[in-house]
Q: 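Quick one: structure below, then a few questions.
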Amino acid sequence: MTVTDPEAQPGWVPEAIEDDEEEMPLSLRLSIADTLTLGNATCGFMAVYFTTTGILIPHLTGSQETGMARHSAATAVILMLCAAVFDLFDGLVARKLRSSPMGAELDNLSDLISFGLAPAYFVLVYGMVANDAHQRVAAVGAIVVLLAVVLRLARFSCVTVKDGTFQGMPSPFGALTVVSIVLLELPFEATLLAILGTAWLMVSRVEYPKPRGPLAVAMLSWIVSAMGLLAAWAFDAPGGQLLLQAGCALQLVLGAVIPLFATARRVNNFRDNRREARAAQLP
C-alpha cells in the first residue's frame, strides 16, 4: 500500500531534481581541447594499424610489395605527426578556452598511445622486417622506448618544473626522433644505440623549452615539412629518399643540440649567480 502526502501535488516533481537528472556531470563533459586530445589518440592507434597491415603482415605472408610497405610506413609516421599537431593545439586551446577536469588524464593517455605505443611498435616491427636486425634485441629496444614514455608522462604529472620548460625530451619529440632513427636505415647496432639514447633523454633532467609563441610556429612548420618529405618518399619522387634522410638527420641533430644549449644555459646561469653572490659580498 502506497502512502501519499495529501499536501503534495499529483505528478509534481521538484524542478531541481529534474535539472540534476538531466545535467551531465561536469567531470564527463568534453571540451574542445579534449576533442583534439582524442584525435591525438586516434592517430596513434591508426599508426599502429598501418604498421601492422602494411608492413608486418606482408612480411609474414611473404609479400614482396615494397611500395606498399613504403606507403604504409610513411602513412604511419604521418599519423604520428598528426598526433603531434593535435597535442600541440589541445594545449593552446585549453589555455585560451577551458579544459574539462579530465583533460590532463586524457592528454597523458593519448600521448602514451601516440608517442609511446606507436613508435615502440614501429621499432619492434623494424626488428622483424629489416635484413640486418635482431628481433629479440629490437624488442628490448621497443620496450625501453615504451617504458621511457610511461615514466616521462608519470613524472610530468607529479613533478613541478619552472614555467616554460619540460624536464626531459618531450614525448612527441622523442617519438619522432625514434622513427627518424629507424627511417635512416643505419646499421642495426647504431640504430639501437641511438634509440636507447633517445629513451634516456626522455627520462633525463635535461630542460627543453615548451612550444609556445614563435617556437610553436616553428614546430608546426617543421611537422608540415616532415609530412611533405614523407609523401615525396612514399610516392618515390625524384630525390625523395635523399630528402627524407636529410630530414631524419636534421631531427636527430635537433635532438642532440637542444640538450647542449640547455646545458650551456644552465652553466651560464650558474656562473652569473656566483658572480652576483661574490659582488654582493664585496664591501
Side-chain angles (χ1 to χ4, degrees), residues 40-41 43-60 66 68-84 87 110-154 168-204 223 226 229-230 233-234 241 244-245 247-256:
N40 171 5
C43 289
F45 175 78
M46 293 305 296
V48 173
Y49 169 79
F50 278 100
T51 303
T52 302
T53 58
I55 304 175
L56 181 59
I57 292 179
H59 173 75
L60 295 177
T66 56
M68 177 181 177
R70 177 179 293 189
H71 290 169
S72 297
T75 302
V77 179
I78 287 175
L79 284 165
M80 293 184 213
L81 290 167
C82 290
D87 185 63
S110 298
D111 286 355
L112 179 58
I113 296 172
S114 299
F115 312 125
L117 175 61
Y121 186 71
F122 199 81
V123 172
L124 179 65
V125 172
Y126 154 76
M128 299 176 69
V129 303
N131 294 329
D132 64 336
H134 302 280
Q135 181 176 336
R136 294 182 179 179
V137 180
V140 173
I143 292 172
V144 170
V145 171
L146 179 63
L147 295 181
V149 175
V150 170
L151 292 173
R152 199 227 172 282
L153 293 174
M169 180 183 286
S171 51
F173 194 90
L176 299 180
T177 304
V178 166
V179 296
S180 296
I181 294 168
V182 174
L183 292 175
L184 271 176
E185 299 181 356
L186 300 171
F188 176 75
E189 292 78 8
T191 299
L192 183 64
L193 288 175
I195 289 173
L196 295 178
T198 303
W200 176 82
L201 284 174
M202 283 193 279
V203 297
S204 70
I223 290 174
L229 295 177
L230 284 162
W233 173 67
Q241 179 74 23
L244 179 68
Q245 290 180 345
C248 292
L250 180 58
Q251 177 72 28
L252 267 65
V253 169
L254 291 175

Q: Taking the side chain as everything from C-beta on, heavy atoms only, tell me whether Phe115 gets closer than 4.5 Å to Asp87.
A: yes
Q: Report the residues that fulfil side chain to side chain contact (heavy atoms under 4.5 Å, CB included) with Ala118, sequence neighbours left out, ordered by chain and then residue number.
A: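 With neighbours one apart ignored, the set is Ala47, Val48, Met80.
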Q: Which atom names give the shortest non-hydrogen contact between Thr53 and Pro58, and what distance separates them?
A: O-CD, 3.2 Å
Q: My understanding is that only residues two or more places apart in sequence, or in another chain, count here; which of them pass side chain to side chain donor-acceptor pair (under 3.5 Å) with Thr52?
A: Tyr121
Q: Given side chains that start at C-beta, do those of Phe173 and Leu201 come closer than 4.5 Å, heavy atoms only?
A: no
Q: Do Leu112 and Leu117 come close enough that some side-chain heavy atom pair is under 4.5 Å?
A: no
Q: How long is the span from the NE2 atom in His71 to the CD1 atom in Ile78, to the nearest 0.5 Å?
A: 10.5 Å
Q: List for me each residue that meets side chain to side chain contact (heavy atoms under 4.5 Å, CB included) alongside Ala41, sequence neighbours excluded, and say none if there are none.
A: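 Listed in chain order: Ser110, Ile113.
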Q: In Å, rounded to the nearest 0.5 Å, how long is the span from CE of Met169 to CE of Met202?
A: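 One gets 7.5 Å once the value is rounded to the nearest 0.5 Å.
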Q: Which atom pair, heavy atoms only, marks the closest approach of Phe50 to Ser72?
A: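 For Phe50 versus Ser72, the nearest heavy atoms are O-CB, 3.6 Å.
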Q: Taking the side chain as C-beta and beyond, is there a heavy-atom pair between Val123 and Pro119 under 4.5 Å?
A: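 A side-chain contact is absent here, since even the closest heavy-atom pair is not under 4.5 Å.
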Q: For residues 140-148, please give each side-chain donor-acceptor pair under 3.5 Å, one per line with the distance, not counting sequence neighbours.
A:
none

Q: Restricting to pairs with a member in residues 173-187, which pass side-chain hydrogen bond (donor to acceptor under 3.5 Å, both in side chains), not counting sequence neighbours?
A: Thr177-Gln251
Q: Over all heavy atoms of both residues, which pair between Pro187 and Asp132 is shortest? Give the atoms and the distance, please.
A: CA-OD2, 3.8 Å
Q: For Thr51, give me all partners under side chain to side chain donor-acceptor pair (under 3.5 Å), at least two apart in sequence or on another chain.
A: none
Q: According to side chain to side chain donor-acceptor pair (under 3.5 Å), who are the partners of Asn40, at least two apart in sequence or on a separate chain?
A: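 Side chain to side chain donor-acceptor pair (under 3.5 Å) check on Asn40 returns Asp111, Ser114.
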Q: If the condition is side chain to side chain contact (heavy atoms under 4.5 Å, CB included), which residues does Phe45 pass it with, not counting sequence neighbours?
A: none
Q: Which residues pass the side chain to side chain donor-acceptor pair (under 3.5 Å) test with Glu189, not counting sequence neighbours?
A: none
Q: Does Leu186 have any side chain to side chain contact (heavy atoms under 4.5 Å, CB included) partners at least two apart in sequence or in another chain, and if so, which?
A: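 So Leu186 forms a side chain to side chain contact (heavy atoms under 4.5 Å, CB included) with Leu184, Ala190, Thr191.
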Q: Show the nearest heavy-atom pair for residues Arg70 and Gln241, with the distance to one decimal.
A: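 Looks like NH2-OE1, 4.3 Å.
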Q: Identify, with sequence neighbours excluded, every residue that meets ring-ring contact (aromatic ring centres under 6.0 Å, His included) alongside His134.
A: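 Testing His134 for ring-ring contact (aromatic ring centres under 6.0 Å, His included), a comparison that skips the adjacent residues, returns Phe188.
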Q: After noting the C-alpha distance and the side-chain angles of Tyr126 and Val178, does the key distance pass the side-chain contact (heavy atoms from CB on, under 4.5 Å) rule?
A: CA-CA 11 Å; Tyr126 154 76; Val178 166; over 6 Å; no
Q: Once rounded to the nearest 0.5 Å, what's the spacing between atom CD1 of Ile55 and atom CG of Leu60?
A: 11.5 Å
